[in-house]
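Working notes, beginning with the structure itself.
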Amino acid sequence: MRHRRDIDGLRALAVMPVLLYHAHVPFLPGGFTGVDIFFVISGFLITGLLMEDLAQGRFSILDFYERRIRRIFPALSVVLAVCFVFAFLLFLPRDFKDFSQSLSATAAFLSNMFFWHESDYFAPASETMPLLHTWSLAVEEQYYILFPPMLWLLARTMPKRMPIVIALSVLPLLGVGIWMTQAEPTLAFYSLPARAWELLAGAAVALLARDWKPGAVGTHILGGLGLSFILAGFVLIDSRYPFPGFWAILPVGGAVMILLAGQGGSAGWVTHMLSLKSVVRIGLVSYSLYLWHWPILVFAQYYTPYPLTPLQTAGALALSFLLAALSWRYIEQPFRNRAFLSRKLIFTLGVGAMAVLFVLGLMGHFTNGLPQRLPPDVVRLSSKAYELEYLALPDRAQCLGSLSNPKAALRKAEQGIFCPLNTAHGAPQVLLWGDSHAEALRPAFKESSIPGTFAGMESCPPLLDVWIAAAPDEACRQYNKAVMDFIEKTPSLKTVILYARWAYYESGQPITVSGDRPVVLRHAQGVKGNADILRISLQETLARLKKRGVVVTLILGTPEIRQDVSDAMARNILFGWNQDLNAVLAPSLVAHRNRNSAADKILHQSAQGYGAKIMDPAPMICDQDTCPVLNRDGMPLYRDDDHLSILGAQLFSRIFKEKVTF
């Protein structure tokens with residue numbers, strides 16, 4: 001198979017937006033779609049090589065996997081080993097345990113499934129996931145377990161129809177991807193079934209257009225259209241769009257057209273541009289560049305109290321290029337040379353390296369992140385015991401419905417079994433209803449003498465006919481229906497308090513790019529758009545509550561922080577920052593207002609229309625300029641980056657007594 005310089009250039013076009021997206025460059029919100037271009041390239045090249053082997057009668061599964069090991073394992077092994085060393089030295093126990101789990105998953109090429117599984121509401125933020133980007137390698141390797149035997153079987157049984165069969169399989173698999181993206185978007189993002197059509201699209205080009213020449217005009221048109229599709233994806237798509245799904249047609253279709261344009265040689269202007277020496281050089285090191293850039297950004301941010309400055313980010317990317325060039329020259333190139341190591345030795349070293357890394361990951365997991373590595377005061381601040389003593393109530397997991405086991409929470413809700421707010425006896429008069437933010441408020445009711453109860457599920461706003469697209473089985477909708485049934489069947493209830501992370505649900509976006517994943521709301525009546533769903537479903541909920549005759553109080557959103565507060569306290573000691581964390585972490589009152597303005601407007605308008613009360617937490621938490629994260633004694637008011645701690649929730653006690661009708 002002839003070497004095409006324009007494909008190296010296409011690799012550069014794929015990897016650079018990924019880097020810029022991870023560096024939070026604002027004008028490329030869809031930079032992450034560069035990974036989809038890589039899938040198409042991989043499908044095209046691997047299929048071409050396999051077809052050459054089949055045509056010459058030398059097809060061998062062992063030979064194929066030898067090439068894959070030489071291509072993938074050496075650079076990946078080095079990056080994983082370096083990441084292990086830095087995580088060992090820098091990470092707090094909980095983060096090191098999470099890293100260790102991801103290390104084992106990556107070594108087994110299952111990291112895509114690991115990161116899908118870890119995408120629930122309490123998942124660690126991605127700035128502590130230096131191996132998050134390896135999900136795409138796992139997708140590829142899972143594909144290449146299945147594809148070569150399938151291609152061989154088709155070549156033996158229907159050689160003439162094989163290209164058509166492969167090409168026709170692209171559309172139904174695209175349909176699978178679109179369906180999965182709508183039904184289970186997080187699973188779709190990480191899984192092979194939703195991505196397989198992208199690799200097969202490249203395979204179809206390799207099979208159907210092996211000898212096709214588009215001509216001079218066709219080369220110009222195809223190249224221009226392909227580049228336009230790709231650039232449109234980079235600019236128009238952002239993390240709020242369900243992806244891959246339908247929108248993946250832009251990067252995939254663009255890559256296919258550029259591959260077709262290059263079949264005609266270097267006559268086309270896009271092909272010529274992609275074949276420039278400087279562009280090709282980036283493409284040649286693109287694999288190592290992809291491997292190195294994300295861990296460097298993660299470790300740099302982890303070590304720094306403030307968000308990375310543009311200069312620091314540029315320095316991290318420059319280091320990525322340097323390590324990528326060294327990795328390509330001294331690791332990738334030698335190991336690709338079959339004269340360098342025998343097949344037996346390359347299998348032994350490759351599989352052995354992954355086995356060692358897998359075991360190292362297990363060690364970090366089973367030792368709970370090796371807390372012995374760190375000073376005792378650092379370990380204490382980041383421990384579960386500290387969280388349970390100062391940050392969260394010990395029965396939090398039992399009181400808050402879990403998306404990982406929604407049926408258990410739903411069963412309790414249907415039976416009217418909820419969590420008491422205090423020790424007062426008697427039928428409940430107050431119901432606090434919401435998501436995990438509402439659960440964090442429970443300590444505010446501890447001293448109340450009026451019996452109350454809490455009903456809530458994680459990532460589930462207290463709204464009727466609404467659910468999170470990523471949640472299983474519309475669990476949120478079913479749970480809230482059960483809560484409303486409980487309200488209507490419980491005559492003792494006088495007051496219902498609704499509280500949730502409203503700004504997150506309204507915008508669909510976390511406060512940081514690298515924190516929780518974007519959230520997409522769904523509505524039973526097909527309403528589209530998070531803001532419209534929030535407004536309509538809140539009004540529907542308030543109408544039902546008004547009909548029931550209870551007094552309703554809506555609590556506006558609390559300030560959100562950009563880092564886990566207690567972890568930042570631990571890192572402040574570990575890294576010798578000597579920083580006033582209120583100065584580092586506390587959001588300004590203006591920033592808090594801006595973050596919540598759209599959601600607050602919806603809540604105020606809805607409350608006005610249905611006679612509900614509004615409670616603003618800002619005066620209880622913030623001063624005139626900022627919203628502190630530590631109290632005067634240096635104790636955290638937040639248990640992580642957005643949930644109030646026990647002390648933070650207790651700031652509400654007085655205002656509840658004064659303004660909430662019981």
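Because only heavy atoms are used, hydrogens play no part in the values below, and waters and symmetry mates are left out as well, while side chains stay in. Fair warning: this is a prediction, and the values are worked out from it, not measured in the lab.
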Between L80 and L103, is the side-chain contact (heavy atoms from CB on, under 4.5 Å) condition met? List the steps. CA-CA 7 Å; L80 294 182; L103 178 63; 3.9 Å; yes
Out of curiosity, [X] [atom1] to [Y] [atom2], how far, rounded to the nearest 0.5 Å?
X	Y	atom1	atom2	result
L45	H3	CG	NE2	9.5 Å
K344	L62	NZ	CG	13.5 Å
R4	I41	CZ	CD1	10.0 Å
L173	I178	CG	CD1	11.5 Å
L317	L20	CG	CG	7.0 Å
T106	L76	OG1	CG	7.5 Å

Any luck finding a side-chain donor-acceptor pair between [X] and [Y] under 3.5 Å?
X	Y	value
Y21	T33	no
E332	S288	yes
R522	Q182	yes

Is a side-chain N or O of [X] found less than 3.5 angstrom from the main chain of [Y], in a donor-acceptor match?
X	Y	result
S111	F114	no
S42	F39	no
Q263	A209	yes
Q301	Y306	yes
H22	L19	no
W152	L54	no
R70	F335	yes
T219	G268	no
Y65	Y144	yes
T47	F44	no

Begin from the C-alpha positions of D8 and R5 and carry the test salt bridge (charged side-chain N to carboxylate O under 4.0 Å, His left out) through to its verdict. CA-CA 5 Å; D8 290 327; R5 290 170 58 85; over 6 Å; no
Shortest non-hydrogen contact from [X] to [Y]?
X	Y	result
N112	S191	ND2-CA, 4.3 Å
A14	V18	O-CG2, 3.4 Å
M257	L222	CB-O, 3.6 Å
I69	I346	CG2-O, 3.8 Å
A75	I331	N-CG2, 3.6 Å
A204	V170	CB-CG2, 4.5 Å

What verdict does the side-chain contact (heavy atoms from CB on, under 4.5 Å) test give for M129 and D98, after you've listed the backbone C-alpha separation in whole Å, the side-chain angles of each residue and the deciding distance to 0.1 Å? CA-CA 8 Å; M129 294 180 181; D98 292 329; over 6 Å; no
Apply side-chain hydrogen bond (donor to acceptor under 3.5 Å, both in side chains) to residues D6 and H272 and explain how you reach the verdict. CA-CA 7 Å; D6 65 304; H272 176 73; over 6 Å; no
Would you say that [X] contacts [Y] through its side chain, given a criterion of any heavy-atom pair below 4.5 Å between the two side chains?
X	Y	value
V298	W294	yes
R67	R338	yes
M180	L187	yes
S275	T271	yes
L227	L13	yes
M51	L151	yes
V25	T313	no
L521	V527	no

Determine, stepwise, if the pair R68 / E140 fulfils salt bridge (charged side-chain N to carboxylate O under 4.0 Å, His left out). CA-CA 11 Å; R68 293 303 295 172; E140 277 204 37; 3.4 Å; yes
One thing to verify: whether R343 and D63 come together as a salt bridge, which I'm taking to mean a side-chain N less than 4.0 angstrom from a carboxylate O. yes
Check ion pair D532-K528 (N to O, under 4.0 angstrom): no
According to the interplanar angle, ranging from 0 to 90°, do the rings of [X] and [Y] count as parallel (below 30°), tilted (30 to 60°) or perpendicular (above 60°)?
X	Y	result
H293	H133	perpendicular
Y143	F147	parallel
F32	F243	perpendicular

Please evaluate residues I164 and L208 with respect to the criterion side-chain contact (heavy atoms from CB on, under 4.5 Å), reporting the C-alpha separation (whole Å), side-chain torsions for both, the decisive distance (0.1 Å), and the verdict. CA-CA 8 Å; I164 298 298; L208 291 174; 4.1 Å; yes
Assert yes or no for the condition that the ring centre distance of [X] to [Y] is strictly below 6.0 Å.
X	Y	value
F64	F59	no
F109	F73	yes
W116	F189	no

Within 45° of the ring axis of Y287 and under 6.0 Å from its six-membered ring centre, is that where the NZ or CZ of R71 lies? yes
As a quick check of understanding, evaluate ring pair (Phe, Tyr, Trp, His ring centres under 6.0 Å) for W135 and F115, giving each step before the final call. CA-CA 7 Å; W135 72 267; F115 289 117; 9.3 Å; no
Counting only heavy atoms not in F246, do more than 12 sit closer than 6.0 Å to its CZ atom? no
R161, CZ atom: more than 12 neighbouring heavy atoms under 6.0 Å: no
Test side-chain contact (heavy atoms from CB on, under 4.5 Å) on S136 and F38 and set out the steps. CA-CA 9 Å; S136 62; F38 275 123; over 6 Å; no
